[in-house]
There are 2 protein chains.
Amino acid sequence: MQISEVAKEFDLTTDTLRYYEREGLIGPIAKGKNGIRNYTENDLQRIRFVKCMRAAGLEISFLKRYLQLFDEGDKTVKERREILVEQRKILKEKLDAMQEAYDRLNYKIDLYDKNILDKNLM
Amino acid sequence: MQISEVAKEFDLTTDTLRYYEREGLIGPIAKGKNGIRNYTENDLQRIRFVKCMRAAGLEISFLKRYLQLFDEGDKTVKERREILVEQRKILKEKLDAMQEAYDRLNYKIDLYDKNILDKNLM
DNA sequence: ATATCACTTAGAGTTTACTTCAAGTCAATA
DNA sequence: TATTGACTTGAAGTAAACTCTAAGTGATAT
């Protein structure tokens, strides 16, 4: 699969895909003799993972570390698990903060709908 | 209340507080004759709001717009409501994406715990 | 009286994650 | 044959949100 198709499929730009590769999150993607990238199903799976995690705000540096360990094989299982647990914690905290803001927005909008606004409260 | 106390209370730096003021999110904070900021309860309420929304990833530019409208009084009620609804939608989408990533992390960690790992799946 | 500390300002610097640019290759189509 | 379009590269540029620096003021502690 060619880079432009992958980009379309995942709603990423080709620049972003090359950037991820440069950063070591994915690939190196095999290239045909014309030098053009050809993404395998495995590559796509990895991009799926990266996209999901990036959408949740996990940092490139973590993903890079994790995926590098992944490529090193079984001996890194323990460290990988630790990283995941750590990231889950960070993510949970963010989720909670966002839920709180979401609830607050809902409450606020409700006040606007009911026309009960306090001049001093945002 | 002095800037350093406010910073401590909200776990922000004094630089961030001055930055927010410069950007028009809060204040202008009244200053004593020595030129030192003195935060009122109203200022703190506003910082509370800003902090909550920033923690959820809402952009400075939105907060600035919203709070400026707020300061313009009742005639901006309709527009303010619209902004809140729009931001709620953005926030909901992010929340869903994060929940998905969170579930995925949980699932993954579970696989690590049960020692069922697929060489090809991150 | 002198040093320390919290504060002030304007403005420059940093980090993260892209995004754009310039210059070039290669295959296919008008 | 010429030009169009997708690809390649390395490197420079950008946006958002801080974060830090330098130079200075003024009140308090030794």
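Per chain, numbering begins at 1; letters A, B, ... match sequence-line order. Keep in mind that this is a model prediction, so the values were computed, not measured.
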Measure from [atom1] on [X] to [atom2] on [N] and round the result to the nearest Å.
X: B:E21; N: C:dC7; atom1: CD; atom2: P; result: 14 Å
X: B:Y39; N: C:dC7; atom1: OH; atom2: C1'; result: 11 Å
X: A:L63; N: C:dA17; atom1: CG; atom2: C1'; result: 12 Å
X: B:K33; N: D:dA27; atom1: NZ; atom2: C1'; result: 11 Å
X: B:E23; N: C:dA10; atom1: CD; atom2: P; result: 13 Å
X: B:N38; N: C:dA6; atom1: CG; atom2: P; result: 18 Å

Discussion item. Any donor-acceptor pair under 3.5 Å linking the side-chain atoms of B:R80 with those of B:Y66?
Written reply: no
Salt-bridge criterion met for [X] and [Y] (N-O under 4.0 Å):
X: B:D71; Y: B:R46; result: yes
X: B:D113; Y: A:R81; result: yes
X: B:R37; Y: B:E21; result: yes

Worksheet entry | Partner of A:F49 under side chain to side chain contact (heavy atoms under 4.5 Å, CB included), chosen from A:L25, A:L44, A:I26, A:L63 | A:L63
Worksheet item: Under the criterion side chain to side chain contact (heavy atoms under 4.5 Å, CB included), which of B:D110, B:L117, B:L111 is the partner of B:K114?
Response: B:D110
Response to the item:
Heavy-atom contacts, protein to nucleotides 4-16 of chain D, under 4.0 Å, summarised as B (base), S (sugar-phosphate only) or - (none) per nt, yield --SSBB-------
Worksheet item: If only side-chain N and O atoms of B:Y20 are considered, is one of them under 4.0 Å from the OP1 or OP2 phosphate oxygen of D:dC18?
Response: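 Answer yes for this pair, as a side-chain N or O of B:Y20 is under 4.0 Å from OP1 or OP2.
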